[in-house]
Each structure stands twice: as structure tokens, then as C-alpha cells.
Amino acid sequence: MVANTTGEGWSSRRAFVLAAVGSAVGLGNMWRFPAEAGANGGGAFVMFYLLCVLLIGLPVLLSEVLIGRHGQSNAPESVRRVAAESGKSTRWAFLADIGVLGAFLVLSFYCVVGGWVLYYIGVFLSDIFTSGLIGGAFEGRDPAEVEALLPNLFGNGALMLGLHVAFLAITLYFVARGVSGGIEWVATWLMPAFFILFVAITIYGSFTGGFEEAVSYLFTVNFSALTGPVMLAAVGQAFFSLSLGVAGMMTYGAYVGRDVNLAGTSGIIAGADSAVALLAGLCIFPIVFAAGLEANAGPGLMFQSLPRAFQDIPFGSVIGLLFFVMVFFAALTSSISLLEAPTAWFKDRFRMPRPIATGIVSGGALVLGGFAAWFWGQPVPVLSDIALFDGQDTFSILDTLTSRILMPVGAILTSLFVGWVASRRLIDSENGLSGGLHHFWLFLVRWACPLALIVILIVGIFPSIIGE
Ligand code: PHE
């Protein structure tokens with residue numbers, strides 16, 4: 001067995017599960033999933049998404065955690081060790097270098113959206129004082145004015161920048177404190193708090209009158225709606241939501257003890273993540289439908305339609321505040337994992353104390369995300385001339401670059417590495433699977449995942465193939 005060189009680790013299996021679920025459950029579930037499902041016609045998207053989680057996401061998740069646990073180090077070093085022990089080229093570590101870069105880039109724009117969440121916490125908090133506790137939110141204000149809160153925020157570069165820095169600073173604080181003292185602490189307190197708030201708000205939302213409509217919207221599958229772009233959106237969402245392809249799960253895997261069964265634990269992580277995504281739909285859509293609003297508001301669903309819908313429901317300001325606090329908890333446990341992957345690498349590579357490594361990585365994300373916030377909506381010179389980034393601003397380019405290129409490439413290489421390169425003995429001793437399930441998983445990582453992901457990568461780079 002390889003010695004743990006990080007000097008850090010989870011105190012229990014429960015801590016790992018909470019931290020990994022914390023990484024997976026985030027803005028991807030609460031903001032992106034309902035928005036994507038709504039923009040892509042509901043049921044067909046949801047069904048295909050679940051299929052992707054099961055057949056592509058889960059096998060890759062197990063592969064990532066497995067590499068981390070066996071390597072017991074930062075992501076690239078873990079891959080290097082697995083490769084060396086298997087008698088193969090240590091250049092494979094490159095796959096995790098891409099991941100670490102991806103995590104850094106996602107972190108940069110993730111914290112910008114985290115900043116919006118902070119903004120809405122402030123908005124609802126102050127609204128409790130103006131509208132009172134009992135009635136709807138934003139009493140006496142024009143609905144258009146409530147929906148305009150988001151574009152107004154976008155128009156205020158300095159505020160966006162400040163919020164981004166605030167969210168990043170909170171993330172930094174916990175990562176700098178280390179695995180058991182910081183990351184684990186947040187996960188153990190905030191994830192249960194998140195679940196309690198989430199279930200409570202969903203139950204409350206189910207009484208608003210739009211619940212049945214939401215259920216039929218999310219679960220009625222119309223196969224003709226399953227077009228190329230819908231499938232691409234679903235698989236991208238599955239990957240983003242499971243935190244795959246960016247070395248995050250590999251990094252967390254390195255802190256896992258030998259006694260943990262990785263297959264079972266990965267199943268729990270993927271199951272919890274999908275359950276939260278579906279529940280997020282069942283939390284948001286009833287409230288939105290009850291207010292007579294449309295499902296297809298895209299990114300504006302959570303930040304515009306929902307606040308507008310809170311105008312109509314009793315205790316609207318309080319529910320709004322609790323809702324955004326809950327989203328904040330989910331987002332923070334994810335951004336922490338995004339910062340941890342590059343930090344762990346930096347710390348080992350340059351032999352520096354954790355707080356300094358955390359500070360340096362955060363400084364980079366501050367600048368890059370700061371650009372995205374400050375130059376919101378402004379096409380990036382030169383880059384936005386490239387077809388893939390057609391007319392996009394910094395924020396969208398970071399999103400496109402990571403979700404369409406880096407994440408799929410990272411995941412393709414991970415599945416190829418585990419399926420074909422790493423020694424069978426090593427894999428068999430780590431994955432916690434046996435019998436038919438073991439063979440099925442091996443088939444998926446060897447064939448199904450790389451092939452499906454290669455198609456996704458090509459279509460992602462040349463969306464015109466599927467007429468997007
Ligand atoms: N899975 C997180 C979410 O759903 C985002 C994330 C992506 C976190 C990649 C870590 C790594 O919000």
C-alpha cells in the first residue's frame with residue numbers, strides 16, 4: 001500500500017460521504033438542473049440525465065475516487081503512483097493536471113454565482129424589515145421590479161466583484177484550515193442543515209398548488225423531445241453535478257481510509273446528488289407554476305422567477321431568505337472542493353504550508369473571476385471570435401471551456417486510464433465490486449464511458465453537428 005503523503009484525512013467514512021455529497025450537491029443541482037430541465041422540455045431531459053448519471057457518471061466517479069484512495073496524494077501525484085505501480089508511463093499524470101486546471105477555472109466562475117446568492121440573501125433579509133414576516137415578499141412592489149434585480153446586479157460591476165470576493169474569501173477561510181479542521185467541519189454542519197431546510201421548503205412549496213403540475217412536468221417523458229442538444233445538455237449536467245473530470249473527487253478520495261467500500265460509497269454520493277436535483281425541481285417548479293410563471297426561464301429561473309413567485313406566497317420573505325441560505329450552504333461545500341483540488345497540488349508541488357497554497361490559488365481565482373464579474377456581458381476580444389466561444393464574455397467562456405472541453409477530456413482519460421492502463425490487480429483490490437457488477441463496471445469504464453464521452457466532446461466542440 002502507498003503511504004499517505006498528504007498528512008491529512010477524513011476522520012470517518014461519514015465525514016467523507018458528507019464532504020463528497022457536499023461537493024456534488026451545489027449550484028449545479030439547485031440552479032443549473034431546474035434551469036436546464038426547464039429549458040430542455042422537462043421529462044425527456046430528466047430521464048436521459050438519470051441514465052447518464054447511472055451509466056457514465058457513476059463509473060467515472062468510482063474511477064476517480066479509486067485513483068485518489070490508492071495514490072493517497074494530490075490528484076496528479078496519485079495518478080503518477082498508480083501508473084508507476086502498474087508499470088506504465090507516469091505521463092498519465094497529465095490527466096489530473098487537466099483536472100486541476102479545470103477545477104481552478106470552474107472555481108473562478110462558480111464564486112461569481114456564489115456572490116449572487118449572497119446578494120439575494122441580503123435582498124430577502126432587508127425585505128423582512130420592509131415587507132414584514134407574514135405576507136408575501138416585496139410587498140407593494142411591481143413584479144417587473146423584482147425580476148429586474150438580477151439585470152441590475154449584472155449592470156453593477158463593482159458590486160458583482162465585491163460579492164465574488166466575499167464568497168471566495170469564505171471558501172478560502174475553510175480550505176486554509178485543512179481537511180479535518182475546515183472542509184470536514186463545514187460538511188458535517190452545513191450538509192445536514194441544508195437537507196433540513198431543503199425538505200422543509202419543498203414540503204411548504206408542495207402546498208402552493210403547483211405541485212401536480214411540477215410532477216407531471218418533470219416526469220412525463222416525451223421521447224420526441226429527446227433531441228441532440230437535449231442529450232448534450234443532460235450529459236453535461238450529469239458531469240457537472242457529480243463534480244467529475246476536474247480532479248476534485250480524486251483529491252477527496254486521497255483522504256479516504258482503507259476500510260471504506262468505494263463502490264457502495266460512490267453509489268450513495270451519486271444517488272444523493274440525483275435525489276437533490278430532482279427534489280430541487282419539485283421545490284422550485286411548484287412555487288413558480290403556482291405564480292403562473294413559465295418553467296423555461298433558464299438561468300433566470302432561480303434568481304428571477306422564484307423571487308417573483310415568493311411575492312405571492314405567505315411568509316414569502318422568510319421562505320426566500322431560507323431558500324437562499326440553503327443554496328449558499330450547498331454552493332459553499334462545492335466551491336470548497338473546487339479550491340481544494342488545486343490547493344492540494346500546489347501545497348505538495350511547492351512544499352508550502354496549506355494556508356499559503358490556498359491564498360495563492362484563491363488569488364488567481366479572484367483575478368479571473370473578478371474579470372468575469374467586472375466585464376459581465378462584454379465579449380472577450382479575440383477569443384470570442386472563435387466559433388466555439390462565439391461572442392461570449394469571460395464568464396461564458398470559462399463555462400464553455402470547462403464543461404465542453406476540460407471536463408470531458410479529463411473524464412475520457414480517467415476512464416481509459418482505469419479501464420486499460422492501471423493494473424487489474426490494483427483496480428480489483430480497490431473498487432469494492434465483485435462478480436457480474438465488477439465486470440459490468442469494467443465494461444462501462446473500458447468502452448461505454450470513453451466512447452460516449454468522445455462523442456460528447458466532439459459534439460460539444462462542433463455543436464452544429466446536432467444543429468445547435
Ligand atoms: N457539482 C457541483 C455542483 O453541482 C459543482 C462542482 C463541479 C464542484 C466540479 C466540484 C467540481 O454545483
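Sequence positions, counted from 1, serve as the residue numbers for this chain. Read the numbers this way: they start at 1 and go in the same order the structure lists the ligands and their atoms.
- Under a cutoff of 6.0 Å and an axis angle of 45°, Arg177 and Trp185 do not form a cation-pi pair.
- A donor atom on one side chain and an acceptor atom on the other are found under 3.5 Å apart for Glu184 and Ser11.
- Counting only residues at least two apart or in different chains, salt bridge (Lys or Arg N to Asp or Glu O under 4.0 Å) contacts with residues 354-375 comprise Glu8-Arg354, Glu340-Arg354.
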| task | Apply side-chain contact (heavy atoms from CB on, under 4.5 Å) to the pair Val327 and Met302, showing each step before the final yes or no. | result | CA-CA 10 Å; Val327 174; Met302 190 173 99; 3.7 Å; yes
N/O pairs closer than 3.5 Å, ligand 1 and protein:
from, atom 1, to, atom 2, distance (Å)
ligand 1, 1 (N), Ser23, O, 3.3
ligand 1, 1 (N), Ala24, O, 3.0
ligand 1, 1 (N), Phe240, O, 2.8
ligand 1, 1 (N), Ser241, O, 3.1
ligand 1, 1 (N), Ser243, OG, 3.0
ligand 1, 4 (O), Ala24, O, 2.9
ligand 1, 4 (O), Gly28, N, 3.3
ligand 1, 4 (O), Asn29, OD1, 3.3
ligand 1, 12 (O), Leu27, N, 3.1
ligand 1, 12 (O), Gly28, N, 2.8
ligand 1, 12 (O), Tyr110, OH, 2.6

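- A ring-centre distance under 6.0 Å is found for Phe350 and Phe346.
- A donor-acceptor contact closer than 3.5 angstrom is absent between the side chains of Ser73 and Ser78.
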